[in-house]
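Structure first, then comments.
Note that the structure is a prediction, hence the values are computed from the model and not measured.
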Amino acid sequence: MPRYVADMEDGELDSLLQRFGLQALAYLLNLEPDRSVADQVSGSLTDGQVATVSILRDDAPAAVPAVDAWVRDSMHDSMLASWLCQPAGDDTLAILLRSMSGGAIPRPTSGDAVAAAILKLLPAAYPLMLLPRVGMNMSGGSELLAPSFNHPNSPLAKAAMLDDPDLRALFTEANGASLSAPYVTAFGGNAIQDWAFPCIALGHAWFRARLDRLTPTPDDVARALEGTLSDLRGLGRHETVEIPVRVGLSGVKLPSGHPGFSVKGVTVRPSEPRDDWLAWRFDKDRDTVAGIADNGVQQAVRYSGDLIVELSVEWLAYLGSWDFEKGWPRHLLEGQERLSQAVDDIRLALALIPSKHHDPVLSQQSWRAVFEPTSIAPNSNWRSREYNLRIRPRTLLGNEVEEWQLLVERVVAADLSHIRIAVSRTLQALGERSEFHDILIDSVMAWENLFGARSDTVFRVTGSLAVLLGTNAEDRRALLKELRKLYDLRSAVVHGSAEIGPDDAVQSDRATNIALSALHTLLISRQDLLDEADGAHRSNKLLVVGLDPVADPDARQ
């Protein structure tokens, strides 16, 4: 056996790793990706492996010059994908190189006729999936369309798809010799061409499989493909399907070793290495914020999120072209709204945890990934580091996690449809506003959503909160006066007759804490009020029962 190390010049291995990435290089050379590539290359290699290294080193596209590294890397991966997919005998160059190195060519199949036809493209597509920027969602996955252009089995896969009546129903327009499936969803819109469908489905299956394993096997991709096709068939039948969503929450950690919890289809767990590709936009060198733990020891949390929320959302789509001068199809936005509300519910439950801290526990959504089967890569939403200015790092205690789970169960089970403004405004005041007057305004707006009406608004809101939160008559009178002062301050700020400075910040935070206390009480002991249609009905119900605190002759002044 020849030893290749003697022929490897300084830096050449690093160059190959930079160009192809560890996973793709190890696959093409039939090496073990979990072992040091340098150690394996410096050992005994077969003649075929030596020949493969030579081809990768001498014939593969070199890095393209570009001022912007992002453009350079994306262009380079696109060129590598096309190069690896070029015909070589009866297969592609990537398959030939893998075979030369002595590696087996995985050829999974399926009992689903369409999946079985599409999987004939997988041996050519799989090496592309392992390229660093493709596999990590850094390029959007468009390189995975390369097998559609020249693979001999691509027309067969397209034909199998068009023979399926549910999948064929997706294609509503003809563009010359090709069919097109235009669509609009809550998260975007585009069109799928029939020639590209097999590789779009295959690419989506790759990213879907990555939810469970950082580097899926071909068998993992094959299983995920069946789920992708099932969702697409549901769309063709105009059904509502559930699609996976992942959300990163920053600001909070679970206790060391805690696995998290699940409540009615929603899972909260610690982030793991398999999640990092979803948060790749965050700068790893600037991805932490420091704080002080309960024991006085400094701790840090990641802006990209130490917690992952796993859930699914109803996916609605409009098939066909849409006239956007009419605005976005309103009914499609309901899925996005439900997703936002589901995340808000988890954040609200966390903020409601009884804590020895004066500050509620704050968590921020740092990113969100929605896995629509019509797209190769997930639809991602990001929030920059600068957005999370109010993060206060916390590591929860075991009993706090238990309390959080119980509160999530309460929130999920409750009907919050009539107080959604209160929930969103309270969370904005807690974590998304940096100006003291904004915090006060949002907090009092939450009060008004809970107990306001068209008339006697101040009296209804402050009186209802006093009844709800006060423990006795004296306590309610004192609370009523405090609430009136905060309300008057909010009104003065809104009408331009007062400003809030740093010395008044405590009043803004107090208004937020009152909103949180009201929401906690409604969820724990007064869920009957959540059934009322609006703030007027809720305040009526409270004030009829709680006459004592509002009997104060100063209450209406």
Would a line drawn from the ring center of W315 to the ring center of F187 be shorter than 6.0 Å?
-> no
Please report the closest heavy-atom contact between A279 and S304, naming both atoms and the distance.
-> CB-CB, 3.8 Å
Between R274 and D212, what is the shortest heavy-atom contact and its length?
-> CD-O, 3.7 Å
What is the distance from atom CD of E272 to atom CG of L214, rounded to the nearest 0.5 Å?
-> 10.5 Å
Can you tell if the side chain of W404 reaches within under 4.5 Å of the side chain of I346, non-hydrogen atoms only?
-> yes
Out of curiosity, S101 OG to L31 CG, how far, rounded to the nearest 0.5 Å?
-> 7.5 Å
Only one of L362, V408, L396 clears side-chain contact (heavy atoms from CB on, under 4.5 Å) with L350; which?
-> L396
Centroid-centroid under 6.0 Å between W367 and F282 rings = no
Using a distance-only test with no angle check, is there a side-chain donor-acceptor pair under 3.5 angstrom linking S148 and S154?
-> no
Output yes when a side-chain donor or acceptor of T46 lies under 3.5 Å from a complementary backbone atom of Q49, and no otherwise.
-> yes
Answer yes if the side chains of T92 and Q86 hold a donor-acceptor pair under 3.5 Å, and no otherwise.
-> no
Is any side-chain heavy atom of I200 closer than 4.5 Å to a side-chain heavy atom of T374?
-> no
Between the CG atom in D166 and the NE2 atom in H238, the distance rounded to the nearest 0.5 Å is 10.0 Å
Pairwise side-chain contact, V401 with F261, heavy-atom cut-off 4.5 Å (strictly under) | yes
More than 12 heavy atoms from other groups under 6.0 Å of NZ on K120 = no
Working for side-chain contact (heavy atoms from CB on, under 4.5 Å), residues V245 and F371 | CA-CA 6 Å; V245 177; F371 289 76; over 6 Å; no
Starting at CD of E173, measure out to CD of Q193 and round the result to the nearest 0.5 Å.
-> 9.5 Å
Hey, does the side chain of D287 reach the backbone of Y303 with a donor-acceptor pair shorter than 3.5 angstrom?
-> yes
Go through the steps for D14 and R19 under the test salt bridge (Lys or Arg N to Asp or Glu O under 4.0 Å), then give the verdict.
-> CA-CA 9 Å; D14 289 340; R19 291 161 71 186; over 6 Å; no
Look at R98 together with D91 and state whether they make a salt bridge at an N to O cut-off of under 4.0 Å.
-> no
Could you walk me through whether V50 and V53 pass side-chain contact (heavy atoms from CB on, under 4.5 Å), step by step?
-> CA-CA 5 Å; V50 171; V53 169; 5.8 Å; no
What closest approach, in Å, do E226 and A115 show between heavy atoms, and which atom pair accounts for it?
-> CG-CB, 4.3 Å
Does a side-chain heavy-atom distance below 4.5 Å link D77 with R133?
-> yes
Go through the steps to decide whether Q299 and T395 satisfy the test side-chain hydrogen bond (donor to acceptor under 3.5 Å, both in side chains), and finish with yes or no.
-> CA-CA 8 Å; Q299 63 177 339; T395 298; 2.6 Å; yes
Could you go through residues 306-313 and list every donor-acceptor pair under 3.5 Å that involves a side-chain atom there, pairing it with any protein atom two or more places apart or in another chain?
from : atom 1 : to   : atom 2 : distance (Å)
D306 : OD2    : R302 : N      : 2.8
E310 : OE2    : R269 : NE     : 2.5
E310 : OE2    : R269 : NH2    : 3.1
S312 : OG     : E242 : OE1    : 3.0

Closest non-hydrogen atoms of A169 and L319, given as atom of the first, atom of the second and distance, are O-CD1, 4.3 Å
Determine whether Q364 and R347 make a side-chain contact, defined as any pair of heavy atoms from C-beta on separated by less than 4.5 Å.
-> yes
Taking only Lys NZ, Arg NE, NH1 and NH2, and the carboxylate oxygens of Asp or Glu, determine whether R213 and D220 approach each other closer than 4.0 Å.
-> yes
Compare all side-chain heavy atoms of D164 with those of L229 and state whether any distance is below 4.5 angstrom.
-> no
Hey, are the side chains of C199 and L144 touching, using non-hydrogen atoms and a 4.5 Å cut-off?
-> no
Is it true that atom CG of N175 has more than 12 heavy atoms of other residues, nucleotides or ligands lying nearer than 6.0 Å?
-> yes
Side chain S178, main chain D194, donor-acceptor under 3.5 Å = no
Would you confirm whether D59, through its side chain, and L56, through its main-chain N or O, come within 3.5 Å as a donor-acceptor pair?
-> no
Run the numbers on T185 and E372 for side-chain contact (heavy atoms from CB on, under 4.5 Å), then give the verdict.
-> CA-CA 9 Å; T185 75; E372 295 188 283; 2.6 Å; yes
Value for OH (Y183) from OG (S321), rounded to nearest 0.5 Å, stands at 12.5 Å
Does some side-chain heavy atom of E143 sit less than 4.5 Å from a side-chain heavy atom of L131?
-> no
Nearest heavy-atom pair of L122 and P218: which atoms, and what distance?
-> CD2-O, 3.7 Å
Would you say Q341's side chain and R338's backbone share a donor-acceptor pair under 3.5 angstrom?
-> no
Under the side-chain contact (heavy atoms from CB on, under 4.5 Å) criterion, do F207 and W277 qualify, and how do the steps go?
-> CA-CA 10 Å; F207 287 112; W277 67 281; 3.4 Å; yes
Quick one: pull up CD in E334 and CG in L332 and give me the separation to the nearest 0.5 Å.
-> 8.5 Å
Verify whether one side chain among T267 and S262 offers a donor that lies under 3.5 Å from an acceptor in the other.
-> yes
Please name the pair of heavy atoms, one in L202 and one in A125, separated by the smallest distance, quoted to 0.1 Å.
-> CD2-CB, 3.9 Å
Evaluate salt bridge (Lys or Arg N to Asp or Glu O under 4.0 Å) for R394 paired with E400, printing each intermediate quantity in order.
-> CA-CA 11 Å; R394 283 285 306 275; E400 290 178 323; 3.1 Å; yes
